[in-house]
Amino acid sequence: MPPVLTAKVVPAARVALEPMGGRLNASKCHAWSPGTAEPPGLPPGFWQQEGLLLLGTPHGEGLSRGEDAPLPVGQTAVSGHLEKTLASYRAFLARLEQVARDAPPKDPRVQSAVLLLRLCGQGKATHLLRTLPPALTRRFAEDLDAATEETLESLCRLDALTGDQRRQLRLPLRAGGLGLRAQASLRGVAYLGSWLGNLKGVRERCPPGVASAETFRAGERAWVRALKDAQASLAADGVHLTEQGDVVDVTPQTPWNWDENAADVARAQHALTKALEDKRRTQLLHRLTPENRAWVRSCGGAGAGAWLNTAPSTEVEKFSDGDFCAAVRMRICQDVHPPGLRCSNTYATAGQQAGTYCADELDSKGVHSTTCMVGGRVTRRHDALMRLLARLLRAAGYQVALDGDGTWEPRWNRPDVDREGEQKRDAEGNLLWHHARLDLRLEGGPEEPTTYGDVVVSHPRAASWVTAAAAADGATAREAARRKRVKYPEDKVPGAKLIPFAVEAGGRWDKDATHFLWRAAGRAAQRHPGLAALGGKGVDAVFASWLGQLSCALQKANVACLRSAGAGGRCPAPEARAEGAGHDPGEDDVEGDDWITEAVE
């Protein structure tokens with residue numbers, strides 16, 4: 001349309017819409033034409049000299065000049081809009097930090113802020129990355145990523161992030177990260193994915209030949225070069241598209257080449273993003289030490305990072321600010337103990353070592369703290385998971401007996417043997433046995449066998465696990481479950497089934513445990529009319545809720561172990577006695593020498 005006729009468009013559109021009950025919003029009506037002066041007779045603000053926004057995407061002056069490109073873009077308008085969007089995002093981050101500061105201290109402030117950052121902040125730039133060529137959004141995406149990292153460091157009281165920690169936090173939760181995806185590294189995927197998912201529609205709506213296979217082969221248009229550059233970048237990372245639009249990790253014999261008869265590729269961006277993130281995770285794992293590699297693997301898998309995705313709606317799901325920050329630090333391999341600390345867990349009040357400290361040196365990553373059997377914190381973690389599992393499974397209709405006489409299975413008793421392999425006897429000559437008392441006994445009705453559940457939490461960084469844990473996902477939980485099955489063989493108890501609820505300290509569950517929980521979630525969903533009406537989505541909702549609660553309970557218990565072991569600061573030494581446990585011979589009272597009070601706020 002000639003620009004001189006612009007003034008007649010709005011009145012004509014108003015006349016056409018009125019019979020249908022439609023009305024124009026005058027404040028959203030604008031016009032622009034590349035390289036054209038403002039025509040006469042237009043209302044103030046109607047003509048946009050720099051370009052305009054169409055469905056949130058800037059259009060303006062550029063190489064294609066808006067004449068025949070499927071997506072005309074203008075550098076001036078684009079730059080201005082990206083700067084405006086970045087400023088808006090930074091303002092959002094500042095308000096997020098302010099809300100966390102101003103909220104009541106006992107509220108889950110940091111947990112809520114990080115959840116909002118993940119769910120509300122990260123999506124603010126998605127439509128721009130999908131509609132603008134990657135070259136135009138590089139600086140914008142890098143600045144957005146930097147702003148996100150600064151806010152996370154501030155909210156979670158993190159040390160300055162190392163390169164590997166940045167790479168880890170950019171991974172999705174299922175891969176052991178924090179789910180704060182790097183917009184800079186995914187902008188090419190977003191742009192390519194938007195084209196792949198809408199190619200047929202673009203060709204139908206554009207003039208003939210504009211988005212044809214010949215145009216792609218010629219490669220003269222800027223947007224064509226942008227798409228080919230995105231493909232080449234993915235290929236350099238080992239991510240390829242076949243002729244049918246499938247994502248593969250090897251160079252295909254017939255790669256995607258934008259043929260005329262090519263159909264839309266559904267969920268292309270999702271598939272490309274997942275493949276690229278899998279590659280990035282593999283690259284990160286190769287860079288890490290065996291200990292950190294084992295830990296990152298442990299933090300991935302179904303439900304392992306669910307505590308980061310759970311709304312703090314119940315006490316089980318709520319984190320205090322300190323606990324949440326400590327859990328985030330531990331997840332991304334930052335130090336949770338400074339050098340020189342010794343374990344302040346104390347032995348029980350009975351026995352030769354009663355009242356003395358463990359006093360082992362604490363490692364900076366919290367391995368000793370979360371595995372130390374002195375003081376009972378590790379046992380409390382186990383018991384917390386056991387009680388939570390019992391509550392969840394009762395909601396699924398199981399009759400649940402907890403650790404005690406109701407879970408004793410004498411057919412799994414084992415002889416108590418000495419070093420020579422001979423069974424021990426008591427003072428009266430009776431044979432000694434290890435009685436098999438498991439954590440849970442589940443009765444699910446006539447459709448299920450009696451099921452015994454036993455909870456075990458293992459640390460992949462521990463010396464006995466680290467080699468296998470660094471080599472494969474879930475190796476620690478898988479081996480712990482295998483040992484439980486060896487200890488309690490099902491063939492000795494016909495009609496019964498054993499489920500080892502084996503979980504790694506990072507949060508990864510053994511697949512048999514998650515499979516059982518998913519089936520139990522199905523039972524729970526069927527007992528609720530509203531959830532039953534949702535079918536599979538109801539099961540998914542229950543399962544996700546359960547994994548979230550278990551994940552929160554585990555991570556809060558891990559932090560409790562850290563606090564208990566590190567409460568004494570640097571002072572405990574081997575054989576030192578805890579406060580209130582009495583004095584060693586010759587020990588004098590020193591006024592004001594209460595190091596526990598000084599070390600714990």
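Residue numbers run from 1 in the order of the sequence given. In this text, all values refer to a predicted model and were calculated from it rather than measured experimentally.
- The number of heavy-atom neighbours closer than 6.0 Å to CD of E428, taken from other residues, nucleotides and ligands shown, is 12 or below.
- In this structure R331 satisfies the salt bridge (Lys or Arg N to Asp or Glu O under 4.0 Å) test with no other residue, sequence neighbours excluded.
- Between the side chain of S344 and the main chain of A565, a donor-acceptor pair closer than 3.5 Å is present.
- With contacts defined as side-chain heavy-atom distances shorter than 4.5 Å, the pair L432/D426 qualifies.
- Pairs engaging residues 542-555 under the salt bridge (charged side-chain N to carboxylate O under 4.0 Å, His left out) rule: none recorded [sequence neighbours left out].
- Between the side chain of R485 and the main chain of L498, a donor-acceptor pair closer than 3.5 Å is present.
- When the salt bridge (Lys or Arg N to Asp or Glu O under 4.0 Å) test is applied to R174, the partners found at least two apart in sequence or on another chain are E277, D278.
- A donor-acceptor pair shorter than 3.5 Å cannot be found between the side chains of E317 and T310.
- Pairs passing the salt bridge (charged side-chain N to carboxylate O under 4.0 Å, His left out) check and including a residue from residues 289-306, sequence neighbours excluded, read R297-D473.
- Pairing each heavy atom of W509 with each of A302, the nearest pair is CD1-O, 4.2 Å.
- Looking at V559 and R563, their side chains come closer than 4.5 Å, going by heavy atoms from C-beta outward.
- Looking at heavy atoms from C-beta onward, V542 lies out of side-chain contact with L392 at the 4.5 angstrom threshold.
- For R527, there are no salt bridge (Lys or Arg N to Asp or Glu O under 4.0 Å) partners at least two apart in sequence or on another chain.
- Annotation: the span from L442 atom CG to L440 atom CG amounts to 5.5 Å, rounded to 0.5 Å.
- With rounding to the nearest 0.5 angstrom, the CG atom of L438 is 12.5 Å from the CG atom of L402.
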Inset, instruction - Quick one: do T370 and R381 satisfy side-chain contact (heavy atoms from CB on, under 4.5 Å)? Show the steps, please. - result: CA-CA 9 Å; T370 50; R381 177 181 63 189; 3.8 Å; yes
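- Between the side chains of E409 and Y488, no donor-acceptor pair is found at a separation under 3.5 Å.
- We find the NZ-OG distance between K106 and S320 to be 11.5 Å, quoted to the nearest 0.5 Å.
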Inset, instruction - I would like to know whether S112 and D107 meet side-chain contact (heavy atoms from CB on, under 4.5 Å); could you show each step before the answer? - result: CA-CA 9 Å; S112 300; D107 284 358; over 6 Å; no
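- No side-chain heavy atom of F501 sits less than 4.5 Å from a side-chain heavy atom of D439.
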List the atom pairs, donor and acceptor, that lie under 3.5 Å between side-chain atoms in residues 362-369 and the rest of the protein, sequence neighbours left out.
| from | atom 1 | to | atom 2 | distance (Å) |
| --- | --- | --- | --- | --- |
| D363 | OD1 | V367 | N | 3.3 |
| D363 | OD1 | H368 | N | 2.8 |
| D363 | OD2 | K365 | N | 3.2 |
| D363 | OD2 | G366 | N | 2.9 |
| D363 | OD2 | V367 | N | 2.8 |
| S364 | OG | D335 | OD1 | 3.3 |
| K365 | NZ | C333 | O | 2.6 |
| K365 | NZ | D335 | OD1 | 3.0 |
| S369 | OG | H337 | NE2 | 2.7 |

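- Under the rule for a ring-ring contact (aromatic ring centres under 6.0 Å, His included), the partners of W408 that lie at least two apart in sequence or sit in another chain are H435.
- Residue pairs meeting the side chain to side chain donor-acceptor pair (under 3.5 Å) criterion with at least one partner in residues 541-552, sequence neighbours excluded, are R391-Q549, S545-Q549.
- For E422, the salt bridge (Lys or Arg N to Asp or Glu O under 4.0 Å) criterion is met by no residue, not counting sequence neighbours.
- Applying the ring pair (Phe, Tyr, Trp, His ring centres under 6.0 Å) test to residues at least two apart or on different chains, the pairs with a partner in residues 289-314 are W295-H459, W307-F319, W307-F324.
- Residue R181 is tested with T148, L169, T273 for a side chain to side chain contact (heavy atoms under 4.5 Å, CB included); the sole match is T273.
- With a 4.5 Å cut-off on side-chain heavy atoms, E448 and R523 count as touching.
- In this structure, R377 contributes its side chain and C561 its backbone to no donor-acceptor pair below 3.5 Å.
- By the 4.0 Å N-to-carboxylate-O rule, R109 lies too far from D102 to be salt-bridged with it.
- Looking at D321, its side chain does come within 3.5 Å of a backbone N or O of V110 through a donor-acceptor pair.
- More than 12 heavy-atom neighbours from other residues, nucleotides or ligands sit within 6.0 angstrom of CD on E153.
- With T514 contributing its side chain and K511 its backbone, the two residues share a donor-acceptor pair below 3.5 Å.
- I332 CD1 to L161 CG: the interatomic distance, rounded to the nearest 0.5 Å, is 5.5 Å.
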Legend entry - Stepwise side-chain contact (heavy atoms from CB on, under 4.5 Å) check, D454 with K487: CA-CA 11 Å; D454 215 35; K487 186 176 181 179; 5.8 Å; no
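- Judged as a side chain to side chain contact (heavy atoms under 4.5 Å, CB included), and not counting sequence neighbours, the contacts of A294 are P460, V466, A469, A470.
- Between atom CD of residue Q165 and atom CD of residue Q334 there is a gap of 4.5 Å, rounded to the nearest 0.5 Å.
- With respect to D540 and K537, no salt bridge is recorded, no charged nitrogen being found less than 4.0 Å from a carboxylate O.
- To the nearest 0.5 Å, the span separating OG on S154 from CD on E97 amounts to 3.5 Å.
- Remark: R414 CZ is packed, more than 12 non-hydrogen atoms of other residues, nucleotides or ligands lying under 6.0 Å away.
- D512 and K484 are not joined by a salt bridge, as no carboxylate oxygen comes within less than 4.0 angstrom of a charged side-chain nitrogen.
- Under the 4.5 Å side-chain criterion, counting only non-hydrogen atoms from C-beta, Q423 is not in contact with D416.
- In terms of modelled atom types and a separation under 3.5 Å, the side chain of R167 and the main chain of L284 share no donor-acceptor contact.
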Inset, instruction - Determine, stepwise, if the pair Q111 / D323 fulfils side-chain contact (heavy atoms from CB on, under 4.5 Å). - result: CA-CA 9 Å; Q111 180 185 10; D323 283 1; over 6 Å; no
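- Results of the side chain to side chain contact (heavy atoms under 4.5 Å, CB included) test with E504 over T476, V456, L554, V457 single out T476 as the only residue that passes.
- Inter-residue side-chain proximity for L517 and L550 is flagged as met; some heavy-atom pair is nearer than 4.5 Å.
- The shortest distance between side-chain heavy atoms of C156 and V114 falls below 4.5 Å.
- For the ring-ring contact (aromatic ring centres under 6.0 Å, His included) test, no residue two or more places apart in sequence or in another chain qualifies with W465.
- Summarising the geometry of A436 relative to N413, their closest heavy-atom pair is N-OD1, 2.8 Å, with the distance given to 0.1 Å.
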